[in-house]
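Please read all numbers here as calculations on a predicted model, not as lab measurements. Atoms within each ligand, like the ligands themselves, are counted from 1 in listed order. Residue numbers run from 1 in the order of the sequence given.
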Amino acid sequence: MRILITGAAGFLGSHLCERLLKDGHQVVGMDNFVTGSPDNLTHLAGNPNFLFIRHDVSNFIFVPGKVDAVMHFASPASPNPASPYGYTNLPIQTMKAGALGTHNTLGVAIAHRARYLLASTSEIYGDPLEHPQRESYWGHVDPIGVRSVYDEAKRFAEALTMAYHRYHGLDTRIVRIFNTYGPRMRLDDGRVVPNFIQQALRHEPLTVYGEGNQTRSFCYVDDLIEGIIRLLLSDEHEPVNIGNPVETTILELARTINEIIGNPSGIVYKPALRLGDDPQRRRPDITRARTILKWEPTTSLHEGIQRTIPYFKQKMGLE
Ligand code: NAD
Ligand code: UDP
């Protein structure tokens, strides 16, 4: 297939490009570098099956040549207001990437009669009242909360994708991605794994927001990419959760990373960074992924963190 990937210079987008090229596909990567970096794609530059187009997906998209599949991953993705790349600091860009970007990429798919895959998120469940989260759960989202620029844009994106499927018969898929980590996350991204790994490598205390009892379920990037590719190749049109169902508190995550790196400096508690809308519990029910895609993650948190550390060491100039 010849596949358009938006957000190609980002963390997940760059891994997707790499994997699809490895699988023998042609890839057209698109990005405007608002949160991503050209560094993530330099190793693909000479590949004759890879074309990069610098473009903001909020504007009309033209792709020369045929397109068999469109994968829309362009969007800021970090909630951390302390990072310049956090979506609360890019609120309009985030809403435009989710709304206009989804409209424009669906337009590309219609024009080429291509299959379409939307990168949605566990954030569409908000601060969930149902646990673990199944795809049938409608969510608990504040429409004007600080996270709403991301959550509501993604909810709109899902609704628009289903409208194109139902009204135009477009061959669509929706993946609801849960917290994923690995090499190529930006150092200043602000999400918890890059923050903790860098703090631990600098032998600083890890900044736990609140009491650290909030939970997440962390998926290693290679596992996630495998699940997404299986979804792309499937005929499933309803949303599918892809993530690791092993739930951990942020405090446990901090202790694990300190132990692996051998950081003697422990933990420091930081209150109120998240203005009270930090989801308290998050864990995917992956029954649908297991049944429909025959997929489940295979990398433990311990192993995934160990595989991520060398990237940060290198980027921080520690080796
Ligand atoms: P990222 O910030 O590393 O990548 C996003 C990429 O999109 C960046 O390269 C950025 O420059 C690009 N982009 C943003 N707006 C754009 C625009 N208007 N035009 C062109 N390019 C634009 O983040 P990521 O973690 O790789 O996330 C990728 C996608 O996956 C996002 O849609 C995000 O919502 C979704 N997602 C990620 C996670 C996760 O844990 N990593 C979880 C849920 C959902
Ligand atoms: N977090 C933290 N310290 C940090 C960064 C994040 O304690 O330096 C917490 C954050 O409050 C949240 C969890 O880690 O409860 C995951 O945050 P992240 O920004 O990675 O993504 P989210 O799952 O909130 O979208």
Does a salt bridge link [X] with [Y], judged by any charged N lying under 4.0 Å from a carboxylate O?
| X | Y | value |
| --- | --- | --- |
| E123 | R155 | no |
| E236 | R288 | yes |
| E226 | R230 | yes |

task: Give the contacting part of S37 toward ligand 1: side chain, backbone, both or neither, where contact means a heavy-atom distance below 4.0 Å.
output: neither
task: Would you kindly specify which portion of Y150 sits under 4.0 Å from ligand 1, judged on non-hydrogen atoms: side chain, backbone, both or neither?
output: side chain
From the options [options], select the one whose nearest heavy atom is closest to [atom].
| atom | options | result |
| --- | --- | --- |
| atom 2 (C) of ligand 2 | F178, Y209, Y269, F218 | Y209 |
| atom 24 (O) of ligand 2 | E123, R282, R147, Q199 | R147 |
| atom 20 (C) of ligand 1 | H72, H55, E123, M185 | H55 |
| atom 22 (P) of ligand 2 | R216, Q198, Q214, R191 | R216 |
| atom 6 (C) of ligand 2 | T180, V192, T121 | V192 |
| atom 17 (C) of ligand 1 | T180, N32, T35 | N32 |

Give the atom numbers and elements of ligand 2 that come within less than 4.0 Å of a heavy atom of [X].
| X | value |
| --- | --- |
| I250 | 7 (O), 13 (C), 14 (O) |
| N195 | 4 (C), 5 (C), 8 (O) |
| P79 | 19 (O), 21 (O), 22 (P), 24 (O), 25 (O) |
| V208 | 7 (O) |
| N179 | 21 (O), 22 (P), 23 (O) |

Hey, which atoms in ligand 1 end up nearer than 4.0 Å to a heavy atom of [X]?
| X | answer |
| --- | --- |
| S120 | 44 (C) |
| F33 | 11 (O) |
| G36 | 8 (C), 9 (O), 10 (C), 11 (O) |
| K154 | 31 (C), 32 (O), 33 (C), 34 (O) |
| S58 | 18 (N) |
| N179 | 40 (O) |
| R191 | 23 (O), 24 (P), 25 (O), 39 (C), 40 (O), 41 (N) |
| D31 | 6 (C), 7 (O), 8 (C), 9 (O), 10 (C), 11 (O), 12 (C), 20 (C), 21 (N) |

Test your reading of the structure: does [X] have an N or O sitting under 3.5 Å from an N or O of ligand 1?
| X | value |
| --- | --- |
| F11 | yes |
| P76 | no |
| M30 | no |

- request: Please state whether the rings of Y125 and Y137 are parallel, tilted or perpendicular, taking 30° and 60° as the class boundaries.
  value: parallel
- line: Nearest heavy-atom contact between D39 and T42 is O-OG1, 3.0 Å
message: Taking the cut-offs as 6.0 angstrom to the six-membered ring centre and 45 degrees off its axis, would you call R186 and Y85 a cation-pi pair?
response: yes
